[in-house]
Amino acid sequence: MAEGKIIDGKAFAAGLRERIGRETARLKAEHDVIPGLAVVLVGENPASQVYVRNKARQTAEAGMRSFEHKLPPETGQDELLALVEKLNNDPAVNGILVQLPLPDQISEQAVIDAIDPDKDVDGFHILNVGRLSTGGTGASAPLVPCTPLGCMMMLKDRLGSLSGLNAVVIGRSNIVGKPMAQLLIKESCTVTVAHSRTRDLPAVARGADILVAAVGRPGMIKADWIKPGATVIDVGINRVPVEDGGESGKTRIVGDVDTQAAMAVAGAITPVPGGVGPMTIACLLANTLTAACRQEGIEPPAL
Ligand code: GUN
């Protein structure tokens, strides 16, 4: 029954993208609205280049407009802020994503602050962070960061109600750990946010019915950290050398969880690759569709 333990993020993301594609076509047919996503890349970070390419392709495949802006590594902050302002004022652009990390001469916070919160499909602007923490709904509903949103969709799909469950989030980043904790609180979990300074982390993790690992350390979470039957969400994307003595120079992607060993204990687990990763871009498309609907005064579809 090991197969049944795997939460197939790749298949889930494909299904979500199909629903988004259908709703995008309906939006065009019924309201003559085509959602547009602008992605801004500064510099030549190879991982960022891959992400941005994938985002552009999947945006177009969903029937949305994709606007790509590639700026040289020496771009100044004022120049980037001027582009953000232009995109804020462009009615064809419903969502804006500035790929992080940014080069050192640019303040990430200054750029995030400059994005129109209604177009902030990353959910990083303080207005969206605040709305998430205060539980805003309707016109005050936040745009939710894509990775935790994807984790939440898979958790609810697998478990149904999360009410009363103990959730432990390992990692306290603004992109994953903190928003993940807020989403779990909203679902009436009892939430612990653990991190590198947490005392006896394995014991804390063992209390979790839901364990979310977002630390960026390959295979850190061992089988004996996991409560039998727990649902484990592995957000880690770590590139490590393949085990051939380093001869080939080849690398592979592994998560924060020792997946093979964890499978024997966990009730369900997301693999790496093929778990959380594919959901993130699908959720970016979901946020773009949601943002476009709100900007046009249309009720966003349930996805
Ligand atoms: N870099 C890595 N992940 C992300 C993300 O979710 N959004 C942005 N803007 N940059 C990233």
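When a ligand or atom number is given, it counts from 1 through the structure's own listing order.
- More than 12 heavy atoms of other residues, nucleotides or ligands shown are found within 6.0 angstrom of CZ on Phe67.
- Ligand 1 has an N or O atom lying under 3.5 Å from an N or O atom of Leu100, backbone or side chain.
- Proximity of Leu97 to ligand 1 is established by a heavy-atom distance of less than 4.0 Å.
- Only the side chain of Phe124 comes within contact range of ligand 1, with a heavy atom under 4.0 Å; no backbone atom does.
- Scanning the protein heavy atoms around atom 3 (N) of ligand 1, the nearest turns out to be Gln99 NE2, 4.6 Å.
- A side-chain N or O of Arg239 and one of Thr251 form a donor-acceptor pair less than 3.5 Å apart.
- The side-chain contact (heavy atoms from CB on, under 4.5 Å) with Thr59 is formed by just one residue from the set Thr288, Asn54, Leu37; it is Leu37.
- With distances taken over non-hydrogen atoms, the option nearest atom 8 (C) of ligand 1 out of Thr280, Ile115, Asp122 is Asp122.
- In this structure, CG in Leu211 is found 11.5 Å from CG in Asn166, a value given to the nearest 0.5 Å.
- Taking each heavy atom of Asn238 and Gly255 in turn, the nearest pair found is ND2-O, 3.1 Å.
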